[in-house]
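Take this structure first; my questions come after.
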Amino acid sequence: MSNANSRGMFSFLLKEHIVAKPGFNRWLVPLASIAIHLCIGSVYAWSVFNPALTQQFGVVAPAAGDWDLSSVVWIFSVAIFTLGLAAAFGGKWLEEVGPRMVGVVSAFCWGGGFLVGSLGIVSHQLWLIYLGYGVIGGCGLGLAYVSPVSTLIRWFPDRRGMATGMAIMGFGGGAMIGAPLIGYLLNTFAEAPTYLGSADAMNLVTEAGRRFAETANGQVEVVVASAAQAAELPGGGEAGVYAVGTGDTGAAATFVTLGVVYFVIMMVASFSYRVPPADWKPEGWTPPEKRDDKAMITRNHVHINQALKTRQFWQMWIMLCFNVTAGIGVIGVAKTMMTEIFGSTMPGIVTAAFASTYVLMISVFNMVGRFFWASTSDYIGRKNTYHCFFVLGTLLYMSIPFLASAVSSNPSVIYLAGFYAATMVIFTMYGGGFATIPAYLADVFGTLHVGGIHRILTAWSTAGVLGPFAITFLRDMSRHNAITELVAKIDPAVFREAFGAPMAQLDALVEANTVTIARLMEIAPPGTVDPTSSLYNTTMYAMAALLVIAFFANLFIRPVGERHHVENTHPEAAPAK
């Protein structure tokens, strides 16, 4: 089918066919934008899926055949990477076809990505989840992210910041709805695995790192669940032995439900998009005069192709990339991190419900930060705002290892409160970085090609890979070291009795999820400190180091030189004086 025929078939989606008629209520456009951004913003609730996806076979605890956390977190990374690329290069297509076409395509991609991902869960094919949620869904994320921006600017020339800010806040707040919704659906569709009995009553054997129970029907692969793990089952459960592959985490059904719901909402919202007639302006509104020059705010313009040749663009690219890297790595494992740092020391407080609420509050502060910091930058300047991000952020990231170490030796709620407060401030600055960078770019490069800002979102793509990779790599390294140190403290005979295999098979036992820090702590000598709460210490120091680099990139930003101004590089594109 030719491109012309395709455009004819779908011409009702093109911008020339969605010009608003007289009397159209322009406030319907931001409402549609917010609805779409709330749907795609649920990507920030990804960590709620982590426990279910890493326990698909074991359900109550990870089994030998289950995916590890590092593999699952990378799905989120691929989605964010694809989002950045789709947003960076989808802006031009948006200007050609209009917001309705882009919105409809994004609905098919985001909703369809969930459906493809559900097939990956059912068939236990990880690559299908990467393809569905990560690549196809990520394209939907990027297109939906950019779809309302230029339209809202045209509809609200009198309130541009407010209109676009509402949509961007919707993206930041998507997990506020998504996290509890995902948790509810997982609990609704989950089925408990078959309970075989207590560990003492069963005859357990270990083969190639896997645990098996001798039953009347022969050997059955099993997992041994602690009381805390069993309590998280639907309706609760008992500590002991559970048959692998007999329950359901509810993840596949949750993916299907979300895919259908998001598709319907985004389609309805996309068909609500309208573009204003040419030369339209709000009744009674007169365009304001140009403001006087302020520090770091230019009245000149730089062509987008030239902007890429300036050091200022790449300094800002580094700033955005490292600020997002530090925040997005934590977001991807937020629920897991909260549970690991405080779950073992304060199990009565840090339950699965508490961790899910933590993810929800991340969304709240992410959303609030976008409005708060962007508004603050109008008063203190963009450069000073980013100084706040990097100085305050460095101090807060460095405080987390102290709080984690302190709570392991003294389980006090004050350390939990300190961790909670520190991370929430960090997430306001993560969201604030996204909300402030458009104005910063306009200040430095002018407004002629400010739409080219979407190219800087390749920094978001890079951070979407770098952040989760750093946090999972460093966590796995810390976990390996912690297990090695714990095993060195345990009597070999006690180890063999607990796991049915000698210490020489440690690597195979760890690979099969038979040996974990939690299981080792059950047989460790009295007085042994649980190292789980310190698994993220190295990661936090690394994130602080990135922010120090970003601080200096921001510190040395200077106004763009005259040789880069549009009248000197692309005179044909220069605006009339």
Side-chain angles (χ1 to χ4, degrees), residues 48-69 71-72 118-126 128-129 183 185-256 336 339 343 347 351-352 495-501 505-523:
V48 180
F49 282 118
N50 287 343
L53 293 178
T54 55
Q55 298 175 182
Q56 272 299 108
F57 289 147
V59 181
V60 67
D66 278 319
W67 301 312
D68 58 29
L69 179 63
S71 300
V72 170
S118 70
L119 295 177
I121 297 172
V122 171
S123 62
H124 206 67
Q125 297 294 318
L126 190 61
L128 273 175
I129 309 180
L185 292 174
L186 288 173
N187 289 332
T188 299
F189 295 124
E191 296 179 10
T194 301
Y195 177 69
L196 300 179
S198 66
D200 295 336
M202 301 295 300
N203 181 21
L204 301 177
V205 296
T206 304
E207 297 180 5
R210 297 172 181 254
R211 304 305 303 272
F212 294 88
E214 299 285 355
T215 69
N217 297 321
Q219 282 191 347
V220 176
E221 186 176 355
V222 298
V223 292
V224 180
S226 66
Q229 289 172 321
E232 300 300 331
L233 289 171
E238 300 180 51
V241 181
Y242 288 83
V244 169
T246 57
D248 188 353
T249 62
T254 299
F255 262 54
V256 172
T336 307
T339 303
T351 61
F495 183 93
R496 176 184 283 274
E497 181 181 354
F499 300 108
Q505 298 181 19
L506 179 62
D507 290 342
L509 294 169
V510 172
E511 181 69 23
N513 291 314
T514 297
V515 169
T516 62
I517 292 177
R519 294 282 288 126
L520 289 173
M521 285 302 300
E522 294 175 359
I523 60 174

Task: Minimum side-chain heavy-atom gap Ser198-Glu238 below 4.5 Å - done: no
Task: Leu119: partners by side-chain contact (heavy atoms from CB on, under 4.5 Å), with sequence neighbours left out - done: Leu128
Task: For Leu204 against Val224, the heavy-atom pair lying closest together - done: CD1-CG2, 4.0 Å
TODO: Flag the pair Val59 / Asp248 as yes when at least one side-chain heavy-atom distance between them is below 4.5 Å, and no otherwise.
DONE: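 The answer is no; the side chains never approach within 4.5 Å.
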Task: Between CG on residue Asp68 and CG on residue Leu53, distance to nearest 0.5 Å - done: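 It is 12.0 Å, given to the nearest 0.5 Å.
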TODO: Please check if the side chain of Thr206 supplies one atom and the backbone of Phe499 the other of a donor-acceptor pair under 3.5 Å.
DONE: yes
- [ ] May I ask you to test the Thr254-Phe49 pair for a side-chain heavy-atom distance under 4.5 Å?
- [x] yes
Open item on the list: If I take atom OG1 from residue Thr249 and atom CD from residue Glu191, how far apart are they, to the nearest 0.5 angstrom?
Closed with: 10.0 Å
TODO: Return each pair, listed once, that meets ring pair (Phe, Tyr, Trp, His ring centres under 6.0 Å) where at least one residue sits in residues 189-225; pairs must be two or more places apart or across chains.
DONE: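 Sorted pair list: Tyr195-Tyr242.
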Task: Side-chain donor or acceptor of Gln55 paired with backbone N/O of Ala52 under 3.5 Å - done: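 Not a single qualifying donor-acceptor pair exists.
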Task: Inter- and intrachain pairs under salt bridge (charged side-chain N to carboxylate O under 4.0 Å, His left out), touching residues 48-64, at least two apart - done: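 Found none.
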TODO: Please report the shortest heavy-atom distance between Ala243 and Val220, naming the atom on each side.
DONE: CB-CG1, 4.0 Å
TODO: Search all heavy atoms of Val241 against all heavy atoms of Ala199 and return the closest pair with its distance.
DONE: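 Nearest pair, atom of Val241 first, then Ala199: CG2-CA, 3.8 Å.
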Task: Smallest separation among heavy atoms of Val72 and Thr54, with atom names - done: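 So the minimum-distance heavy-atom pair works out to CG2-CG2, 3.8 Å.
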TODO: Can you sort out the partners of Glu232 under salt bridge (charged side-chain N to carboxylate O under 4.0 Å, His left out), two or more places apart, ordered by chain and number?
DONE: none
Task: pair Val244-Pro193: side-chain heavy atoms closer than 4.5 Å - done: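 The answer is no; the side chains never approach within 4.5 Å.
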Open item on the list: Looking at every non-hydrogen atom in both residues, tell me the closest pair between Asp66 and Gly58 and how far apart they are.
Closed with: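 Looking at all heavy atoms of both residues, the shortest contact is OD2-N, 3.1 Å.
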Open item on the list: Is any side-chain heavy atom of Glu221 closer than 4.5 Å to one of Arg211?
Closed with: no
Would you tabulate the side-chain donor-acceptor contacts of residues 509-517 under 3.5 Å, counting partners in other chains and residues two or more places apart, or write 'none'?
from   : atom 1 : to     : atom 2 : distance (Å)
Asn513 : ND2    : Ala63  : O      : 3.1
Thr514 : OG1    : Gly209 : O      : 2.3
Thr516 : OG1    : Arg519 : N      : 3.2

Open item on the list: Holding to side-chain contact (heavy atoms from CB on, under 4.5 Å), I want the full list of residues that pass it with Ala190, two or more places apart in sequence or in another chain.
Closed with: Pro234
Open item on the list: With a 6.0 Å cut-off (strictly less than), is the heavy-atom count around CD of Glu522, excluding the residue itself, greater than 12?
Closed with: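 For Glu522, atom CD is crowded (more than 12 foreign heavy atoms under 6.0 Å).
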Task: Side-chain heavy atoms of Glu207 within contact of Gln219, under 4.5 Å - done: yes
Task: Trp67 vs Ile129 side-chain heavy atoms within contact, under 4.5 Å - done: yes
Task: Heavy-atom pair with the smallest gap, counting every atom of Gly65 and His124 - done: O-NE2, 3.2 Å
